[in-house]
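Worksheet for the structure shown next.
Predicted model, so just to flag it, every value in this text is computed and none were measured. Numbered from 1 within each chain, the chains take letters A, B, ... in sequence-line order.
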Amino acid sequence: MKDSPLLQGLNDSQRAAVTHIDGPLLVLAGPGSGKTRVITYRIAYMLEQGIHPASIVGLTFTNKAAQEMQARLKRMVGETSVWLGTFHGFCVRLLRKYARLVGLPENFSIYDADDAQAVLKSAVQDSQFELTHVSIAALASRISYFKNRLITPEILQGEALSSDEFQVGQVYPAYQARLLRSGAVDFDDILMHLATLLRSYPEIRQQLDERFRYIMVDEYQDTNLAQYVIVRHLSDAHPNLAATGDPDQSIYGWRGANVKNVSHLERDYPDLEVIRLEDNYRSTPEILSAADCLIQNNAFRKPKVLVPSRDSGLPVRLAIYPTARHEAEDVATQIQALVSEGSFEYSDFGVLYRTNAHSRQIEQSLLRRQIPYQLIGGFRFYLRKEIKDLVAYLLLVHNPDDDVALQRSINTPPRGVGKKSLEQLAAYAKKHRTSLLEACRAAVANELLPKRACTAIKSFLKVYDQLCSIVHGPLVDLLQLTIELTSYREHLAKLDEKNDRATEVAANLDELLAEASELDLVASDAQPALEAFLEFAVLQSDTDRLKSGQDSVTLMTLHAAKGLEFSNVFVLAIEENILPHVRSKDDPQALEEERRLLFVGITRAKDQLQLSYAKSRGFSGQGSGVPSSFLMELPRAEMQVLDHAQQLDLLDDSYASEDFDEYFDPGPDDDLFPSDTGGDGELEYSLDECQLPPEEMTKAVRSRLAKATASVPTMRTGAQIEANERKWSVFKSGCVVTHQTFGSGEIVAASGHGNKKSVTIKFFSDGLSRSFRLSHVQLTLENPGRTSD
DNA sequence: ACTCGTAGCCTTTTT
DNA sequence: GGCTACGAGT
């Protein structure tokens with residue numbers, strides 16, 4: 001058995017992992033150690049051993065990873081019924097079956113972050129609970145945190161809450177009640193519901209455990225408690241659980257992932273076999289050395305080695321640029337040069353950065369050179385308005401209780417159902433404990449609303465009922481009819497008269513129709529096309545849309561890059577406050593996660609790697625220009641440092657101008673680093689007036705520039721904010737202060753940072769609370785209060 | 001009730 | 001620099 005041809009070409013540890021079939025297994029796989037290979041080979045090996053394909057489940061993080069494995073597996077063994085998919089996809093399928101047990105209909109809707117936020121917002125309004133210094137987003141993330149930790153509203157209500165969490169404690173149950181009433185789940189619910197279901201129904205747990213005898217989990221370091229519980233419950237009587245992961249690549253702590261799940265595995269499965277894959281087949285020793293030096297700075301870490309197996313290559317480059325624009329231009333130039341030399345294709349390049357916003361400049365530079373690229377992340381197809389509008393109709397057809405879908409569709413295109421009418425419908429729905437759709441029917445039947453509104457609602461219901469009548473036909477027809485009945489194309493055309501997105505929007509609709517007809521082909525009784533489509537629309541991530549066939553540069557965030565590899569990698573903007581991100585620097589755990597993020601980025605590179613930062617980034621004050629402390633942790637001696645900023649130091653002041661990027665616009669053939677800065681509109685105007693000889697002009701420009709920049713307040717915001725921060729740090733909760741017009745009062749809350757720092761003061765004179773931005777009011781401190789440090 | 005204009009808001013990472 | 005939410009006008 002053990003000499004199966006499958007096992008040829010695997011190293012010892014890989015082979016050990018592939019052939020360990022029964023009993024719990026943990027594969028600690030460093031980057032580039034052939035993990036995906038191990039997983040696919042392992043499945044093939046299991047099939048070869050006669051294990052039934054339907055009893056094997058492989059769970060991945062992204063659809064992309066799942067598809068990749070599916071494709072590899074297909075090449076090895078042909079079509080199989082092995083379930084390879086994402087956690088969420090798998091859980092949705094199970095949840096559909098047992099939905100009633102957690103209070104959901106089988107046709108429950110899945111809400112994306114946008115929809116969920118809309119629900120949360122109305123839950124907040126509903127609970128007549130005033131939000132003070134807590135944003136909806138912050139509430140959402142707290143609720144998400146609870147759900148990931150399987151803390152249901154019921155559990156939470158039994159807990160004593162700190163004042164911080166009091167508001168969440170109020171809103172969370174209301175939010176959840178709304179979701180359930182709409183027959184909907186958010187992303188976190190998908191996991192939470194299934195986990196609680198498995199907990200509460202041992203016989204179901206047992207059945208599923210029996211059915212899914214062999215479970216594999218990829219990117220195990222990124223699982224959260226809910227996911228752990230699910231996996232654990234499905235591997236109880238048949239503990240054939242194989243987890244693969246790398247704690248050094250755990251980068252989703254912020255959304256509840258818990259690296260400790262790795263040690264929990266050891267605790268919960270005493271027989272656990274641990275196999276390490278430490279040989280790296282991907283990167284040159286130079287790249288690995290940089291990665292290793294960096295990651296060793298993480299204190300909360302089990303030491304692990306990266307063993308290079310490739311020959312020595314080029315040194316890792318560290319490039320320093322005066323501005324983000326230079327960075328982008330130079331990267332684009334390098335890519336172009338390497339491709340035209342013939343040594344590489346565009347698809348050999350990956351450009352990685354911390355946040356989506358950083359893609360803009362590099363996009364422009366590539367565009368200007370007509371270098372093809374694909375951008376991952378940013379705006380998702382299914383988040384586009386025109387797509388979401390249409391999908392809303394289908395959602396409502398699928399699930400009539402879906403209030404979010406109704407609110408979205410009832411007045412698109414505008415047919416005269418305004419805010420007022422909706423409010424009354426909502427009130428009716430609340431009173432009669434029914435859906436908005438039912439409220440609409442009641443309103444029309446009993447003429448509860450003004451005639452105008454009633455006829456509008458009637459026409460909406462007519463469209464809706466017509467759509468419902470063909471729900472069992474092909475999905476394309478349903479979608480086509482939706483577009484027709486709503487005159488959607490005409491509506492969009494009218495909307496788009498000014499901005500010329502019309503062709504793009506039309507193309508989007510066509511793509512939507514194309515995807516619908518594709519799904520019609522693969523639809524089955526178990527998964528009707530409409531349901532598949534709606535799930536696909538919401539669970540499809542953007543990384544999944546990455547097309548491997550075409551020759552283009554890939555642009556994406558470091559997070560999205562996990563699991564991928566490129567011959568040449570550029571990591572941009574490795575600056576303090578960006579990587580590590582501002583919001584991570586006070587928390588040592590979060591800081592280590594940021595370091596791991598860079599580690600992931602570095603280890604994506606096979607042959608060449610360039611890390612870079614810019615001294616100025618025209619990003620509303622945020623680009624500090626300070627190189628990331630992570631860069632100090634790299635083996636500088638082995639690296640090649642390219643300091644493109646040196647020659648420009650004299651001009652630093654002008655380069656630091658926020659508007660610099662606006663007027664520095666080198667054409668494709670321009671020098672990357674011109675000796676002078678050209679001029680913006682204002683400067684050119686003054687030049688015309690001056691009529692000085694060229695050398696003098698430059699001087700005049702410079703002195704004018706210096707003057708201008710000195711007088712623009714934004715130029716000093718950095719220092720100013722810092723000074724203000726210090727000055728304002730005395731205004732804390734509990735302080736007694738005096739306001740010019742309202743007199744004295746006590747600070748009851750403070751929020752925000754820098755110039756946005758604001759306080760809420762409860763005034764003694766009238767007992768009312770008012771909020772102020774510290775940058776806008778003059779306050780005198782009367783009494784530092786009890787919380788002085 | 002809808003459309004247009006502006007001010008304030010926010011800008012991590014994603015299933 | 002971009003969007004959304006809100007407010008005034010038609």
Side-chain angles (χ1 to χ4, degrees), chain A residues 59-66 85-92 110-114 116-117 121 135-138 141 144 147-148 185-191 219 222-224 226-227 250-257 352-358 360-361 376-380 382-383 385 411 413-422 450 452-453 456 494-495 497-498 535 538-544 556-562 573 577-585 590 593-594 596-598 600-601 618-623 658-659 661-662 714 752-753 755-756 758 773 776:
Chain A
L59 300 176
T60 62
F61 208 59
T62 62
N63 291 300
K64 164 87 179 156
T86 62
F87 248 108
H88 285 80
F90 178 70
C91 293
V92 164
I110 302 170
Y111 285 172
D112 65 21
D114 268 7
Q117 189 147 323
K121 214 171 208 175
S135 65
I136 293 281
S141 104
S144 170
K147 288 188 173 180
N148 286 327
V185 298
D186 63 20
F187 284 140
D188 301 313
D189 279 340
I190 294 172
L191 304 175
E219 306 288 7
D222 284 324
T223 53
N224 58 33
Q227 288 164 321
S250 146
I251 53 176
Y252 284 96
W254 51 272
R255 73 172 212 209
L352 313 179
Y353 36 79
R354 178 63 233 266
T355 73
N356 284 309
H358 293 132
R360 274 235 330 269
Q361 259 124 353
I376 310 302
F379 312 101
R380 295 189 197 182
Y382 282 97
L383 284 182
K385 199 182 168 308
N411 209 30
R415 48 168 80 80
V417 186
K419 213 177 108 198
K420 261 258 154 66
S421 311
L422 253 178
R452 201 184 149 86
K494 206 159 59 183
L495 220 60
E497 265 166 10
K498 43 189 191 299
E535 279 175 24
V538 70
L539 292 178
Q540 172 87 336
S541 84
D542 237 38
T543 330
D544 308 332
M556 62 177 138
T557 63
L558 288 161
H559 282 92
K562 194 173 65 164
N577 293 347
I578 293 178
L579 180 65
H581 195 267
V582 223
R583 294 177 61 166
S584 308
K585 62 180 178 190
E593 183 156 309
E594 295 286 306
R596 290 194 291 269
L597 202 47
L598 181 55
V600 167
F619 214 66
S620 59
Q622 211 40 272
E658 270 196 33
D659 297 335
D661 277 357
E662 287 301 310
T714 49
H753 296 285
N755 282 342
K756 286 177 195 144
S758 64
R773 277 210 181 170
H776 288 61

Listed partners of A:Glu594 passing salt bridge (charged side-chain N to carboxylate O under 4.0 Å, His left out), at least two apart: A:Arg354

Spacing of A:Thr86 atom OG1 and A:Asn63 atom CG [to the nearest 0.5 Å]: 5.0 Å

d(CG, A:Asp222; P, B:dT13) in whole Å: 16 Å

side-chain N/O A:Lys121 vs C:dA5 OP1/OP2, d < 4.0 Å: yes

Closest to the A:Thr86 side chain, choosing from B:dA1, B:dT14, B:dT15: B:dT15

Distance (rounded to the nearest 0.5 Å) between A:Leu598 CG and A:Ile251 CD1: 11.5 Å

B:dT13 OP1/OP2 closer than 4.0 Å to side-chain N/O of A:Asn356: yes

Under-4.0 Å side-chain N/O to phosphate OP1/OP2 contact, A:Asn411 with B:dA1: no

Atom-to-atom span, NZ of A:Lys64 to P of B:dT14 - whole angstrom: 16 Å

Euclidean distance, A:Ile110 CD1 relative to A:Glu535 CD, rounded to 0.5 Å: 4.5 Å

d(CG, A:Leu422; C1', B:dC2) in whole Å: 14 Å

Interatomic distance, A:Tyr353 OH vs B:dT14 C1' [rounded to whole Å]: 14 Å

Partners passing side-chain contact (heavy atoms from CB on, under 4.5 Å) against A:Thr557 (at least two apart in sequence or in another chain): A:Tyr353, A:Asn356, A:His559, A:Ala560

With sequence neighbours excluded, residues passing salt bridge (charged side-chain N to carboxylate O under 4.0 Å, His left out) with A:Asp188: none

Separation of atom CZ in A:Arg360 from atom P in B:dT11, rounded to whole Å: 16 Å

Position toward the 5' end of DNA chain B (nearest nucleotide), A:Arg452 or A:Ser584: A:Arg452

A:Thr62 side-chain N/O to B:dT15 phosphate OP1/OP2 under 4.0 Å: no

Atom P, compared across C:dT4 and B:dT13: separation rounded to whole Å: 16 Å

With sequence neighbours excluded, residues passing side-chain contact (heavy atoms from CB on, under 4.5 Å) with A:Ala113: none

A:Lys147: partners by side chain to side chain donor-acceptor pair (under 3.5 Å), with sequence neighbours left out: A:Gln176, A:Asp186, A:Asp189

Sugar-phosphate only, base, or nothing, as touched by A:Phe61 at under 4.0 Å among non-hydrogen atoms: sugar-phosphate

Separation of B:dT13 P from A:Leu598 CG (nearest whole Å): 17 Å

A:Asn148 CG to B:dT14 C1', straight-line distance once rounded to whole Å: 12 Å

A:Tyr252 ring over B:dT13 six-membered base ring, under 5.5 Å and 30°: no

Contact under 4.0 Å: A:Ser421 side-chain N or O vs B:dA1 OP1/OP2: yes

Residue A:Pro414, side-chain heavy atoms: nucleotide from B:dT14, B:dC2, B:dT15 that is nearest: B:dC2

Rounded distance in Å - CD1 (A:Ile578) to P (B:dT11): 16 Å

Residue whose nearest DNA chain B nucleotide is more 5′ - A:His559 or A:Lys420: A:Lys420

Nearest listed nucleotide, side chain of A:His88, among B:dT15, B:dA1, C:dG1: B:dT15

Dot-bracket notation for DNA chain B, counting Watson-Crick and G-U pairs under 3.5 Å, with | for partners on another strand: |||||||||......

Nearest-nucleotide pick for A:Phe187, side chain only, options being B:dT13, B:dT3, B:dT15: B:dT15

